[in-house]
Amino acid sequence: MSTTMAETFVLVLGIYAGLGSLFAIAFAWVGAGRVDEAAKQGTWGFRLLIMPGAAALWPYLAWRWMRGAQPPEESNAHRHAAEERS
């Protein structure tokens with residue numbers, strides 16, 4: 001690998017991490033509650049705990065936040081059996 005390629009890779013990785021860190025702060029305090037209702041009652045500890053993951057996965061979480069997507073509903077044999085009983 002040439003030096004230029006390595007420097008470019010490190011630069012791109014740094015930009016990704018910087019944008020992710022900025023996004024993670026906003027997402028932890030505002031966006032998580034909009035993407036998942038249960039996160040609205042999250043404590044300070046919970047918000048600090050999700051920040052590294054939000055920084056790493058920021059493009060996907062930004063897309064979900066912009067869409068206002070709620071968590072998907074689980075679909076499996078146990079849930080279908082429970083729905084049939086009620």
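FYI, side chains are in, hydrogens and waters are out, and symmetry mates aren't considered; it's all heavy atoms of this structure. Not measured: the values here are computed from a predicted model. In this chain, numbering begins with 1 at the start of the sequence shown.
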Considering residues at least two apart in sequence or located in another chain, which fulfil the side chain to side chain donor-acceptor pair (under 3.5 Å) criterion with His78?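 For His78, no residue satisfies side chain to side chain donor-acceptor pair (under 3.5 Å) once neighbours in sequence are set aside.
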Please identify each residue that fulfils side chain to side chain contact (heavy atoms under 4.5 Å, CB included) with Ile15, with sequence neighbours left out.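 Scan of Ile15 (side chain to side chain contact (heavy atoms under 4.5 Å, CB included), adjacent residues dropped) gives Leu11, Leu19.
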Sorted by first residue and then second, give each side-chain hydrogen bond (donor to acceptor under 3.5 Å, both in side chains) pair with at least one member in residues 50-68; sequence neighbours left out.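 side-chain hydrogen bond (donor to acceptor under 3.5 Å, both in side chains) check on residues 50-68 returns Tyr60-Arg64.
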Per the side-chain hydrogen bond (donor to acceptor under 3.5 Å, both in side chains) rule, what does the pair list look like for residues 4-30, sequence neighbours excluded?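 Residue pairs with at least one partner in residues 4-30: there are none.
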Connected via hydrophobic side-chain network under 4.5 Å: Ile25 and Trp44: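 Linked, Ile25 and Trp44 end up in one cluster.
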If hydrophobic clusters are built by linking Ile, Leu, Val, Met, Phe, Trp and Tyr wherever their side-chain heavy atoms come under 4.5 Å apart, do Leu57 and Val30 end up in the same one?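 In one cluster: yes.
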Roughly how far, to the nearest 0.5 Å, is the CG atom of Asp36 from the CD atom of Gln41?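 If I round to the nearest 0.5 Å, the distance is 10.0 Å.
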Restricting to salt bridge (charged side-chain N to carboxylate O under 4.0 Å, His left out), what partner residues turn up for Arg34, sequence neighbours left out?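 Partners of Arg34 under the salt bridge (charged side-chain N to carboxylate O under 4.0 Å, His left out) test: none.
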In a table with atom names and distances, give each donor-acceptor pair under 3.5 Å that connects a side chain of residues 47-54 to protein atoms at least two apart or in another chain.
{"unit_1": "Arg47", "atom_1": "NH1", "unit_2": "Ala28", "atom_2": "O", "d": "2.5"}
{"unit_1": "Arg47", "atom_1": "NH2", "unit_2": "Ala39", "atom_2": "O", "d": "3.4"}
{"unit_1": "Arg47", "atom_1": "NH2", "unit_2": "Lys40", "atom_2": "O", "d": "3.4"}

